[in-house]
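To find a chain, count down the sequence lines: A is the first, B the second, and so on, and within it residues start at 1.
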Number of protein chains: 2
Amino acid sequence: MLPPVRRVILYGLAGGALLALLKFFEYQYFVRAYTSEIYGGLVAVIFSAVGIYFGLHWARARHVVVIKEIRVPEGGSFVLDVEKLKALGITPREHEILGLIAEGLSNREIGERLFVSENTVKTHSSRVFDKLGVGRRVQAVLKGRELGLIP
Amino acid sequence: MLPPVRRVILYGLAGGALLALLKFFEYQYFVRAYTSEIYGGLVAVIFSAVGIYFGLHWARARHVVVIKEIRVPEGGSFVLDVEKLKALGITPREHEILGLIAEGLSNREIGERLFVSENTVKTHSSRVFDKLGVGRRVQAVLKGRELGLIP
DNA sequence: CGGAAAATCACCCGAAAGGAGGACGACCGG
DNA sequence: CCGGTCGTCCTCCTTTCGGGTGATTTTCCG
């Protein structure tokens, strides 16, 4: 998207041009054929549309992040700790592989389930082990569970 | 917020009222005092503002919700299922090895901790795997936890 | 559009794990 | 004494894991 200042200027210029255009037609033709109601309505419709358009765009530009804190009662359902996931820099794919490792699957089985090669699974799992600071998959499962990354 | 349909109707009514109002003033006073450029500009500004307002409002539903979890330390007490242990024919030594496997230790580390050779650990773990009906240590940990053999 | 991040795959190597089979001593109960 | 169980240890073999490096492609975002 364009930066706000330039967008405002463009917006103003477009409005001015439209006004000039309308004024031109008004003096040439419209002023006798139609009342100014049509003129006002036209302007209203066009500027409403433009306003709505930019309103939507401006709203889309700012993505609001709402941090919701949920207390997990004992033995409650598992809630993924997104914060820790980001803090450790674990990607979604790596997290997915970690989950499948925790289910007791071998690298080959994981590859078959995800339709990727065993080598890919090994790459992902290696990175997860690095990020978790462990060297074995059982430890990775333990650590992941402890950190709230897997149920 | 109002439901969309009612909002649109209100919007249309307000627009109509505004037009009527402007028209009234136009015939009374404005038409002679100012050119219709003022009229058009006024309408443009007002409807742009209204359009932007509603555009922002319609788009306000866009939220990125990040769920942050706060973990409450679990006080669940583990009770060993001795019955299942006997039912599966798991010996005390095998059960001990299973516990150490669940801690993420390698066979060599288990051997060092128990002052036995790695081969012995492998024998025990193999037997545990047989009795649990699994083929991998992560699965053994899962099964053991599920059966109440390890915390 | 261009760069960063993510995902994918490959190859090599050493270590770990697992399977199959055998062996030996201790202990315990019939 | 003898069979059964348990714990210990071994060899040989195959598979699996994990680490490292490098590369390509896809995806995302400013």
J.: To the nearest Å, give me how far apart CD (B:E112) and C1' (D:dC9) are.
T.: 17 Å

J.: Looking at A:H124, I'd like to know whether one of its side-chain N or O atoms comes within less than 4.0 Å of OP1 or OP2 on C:dA7.
T.: no

J.: Taking CD from B:Q139 and C1' from D:dT16, how many angstroms apart are they, rounded to a whole number?
T.: 13 Å

J.: For each nucleotide in nucleotides 13-30 of chain C, reading 5' to 3', give B when a protein heavy atom comes within less than 4.0 Å of its base, S when such contact involves only the sugar-phosphate, and - otherwise.
T.: ---SBBS-----------

J.: Is any NZ, NE, NH1 or NH2 atom of the basic residue among A:E109 and B:R136 found under 4.0 Å from an Asp or Glu carboxylate oxygen of the other?
T.: yes

J.: Can you check the A:L114 CG to C:dA6 C1' distance for me, whole Å?
T.: 15 Å

J.: Measure CD1/A:I110 against C1'/C:dC9 and give the value in whole Å, please.
T.: 16 Å

J.: Find the distance A:F115:CZ to C:dA7:P and express it as a whole number of Å.
T.: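 Distance check: A:F115 CZ to C:dA7 P gives 18 Å.
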
J.: Please set out all donor-acceptor pairs under 3.5 angstrom arising from side-chain atoms of residues 143-151 of chain B, sequence neighbours excluded.
T.:
residue, atom, partner, partner atom, Å
B:R145, NH1, B:P151, O, 3.1

J.: Do B:I101 and B:V141 have side chains that approach each other closer than 4.5 Å (heavy atoms only, starting at C-beta)?
T.: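 Side-chain contact under 4.5 Å: yes.
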
J.: Nearest whole Å is fine: how far is C:dA6 P from A:I97 CD1?
T.: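 Between P of C:dA6 and CD1 of A:I97: 14 Å.
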
J.: CD of A:E94 versus C1' of C:dA7: gap in Å, rounded?
T.: 9 Å

J.: State whether B:S117 places a side-chain N or O below 4.0 Å from either non-bridging phosphate oxygen (OP1 or OP2) of D:dT8.
T.: no

J.: Given the rule that I, L, V, M, F, W and Y join up when any side-chain heavy atoms are under 4.5 Å apart, are A:L88 and A:L98 in one cluster?
T.: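 Yes, because A:L88 and A:L98 connect within a single hydrophobic cluster, where side-chain heavy atoms sit under 4.5 Å apart.
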
J.: State whether the side chain of A:S125 and the backbone N or O of A:V121 hold a donor-acceptor pair below 3.5 Å, judged by distance alone.
T.: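 Yes; at least one donor-acceptor contact below 3.5 Å.
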
J.: Using only side-chain N and O atoms of A:T120, determine if any of them is under 4.0 Å from OP1 or OP2 of C:dC9.
T.: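 Answer yes for this pair, as a side-chain N or O of A:T120 is under 4.0 Å from OP1 or OP2.
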
J.: Between the main-chain N or O of A:N107 and the side-chain N or O of A:E118, is there a donor-acceptor pair closer than 3.5 Å?
T.: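 Absent.
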
J.: Among C:dC11, D:dC9, D:dG7, which nucleotide has an atom closest to any side-chain atom of A:N119?
T.: C:dC11

J.: Is the backbone of B:V116 close enough, under 3.5 Å, to the side chain of B:T120 for a donor and an acceptor to pair up by distance?
T.: no

J.: To the nearest angstrom, how far is B:I90 atom CD1 from D:dT5 atom P?
T.: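 Checked: the CD1 to P distance equals 16 Å.
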
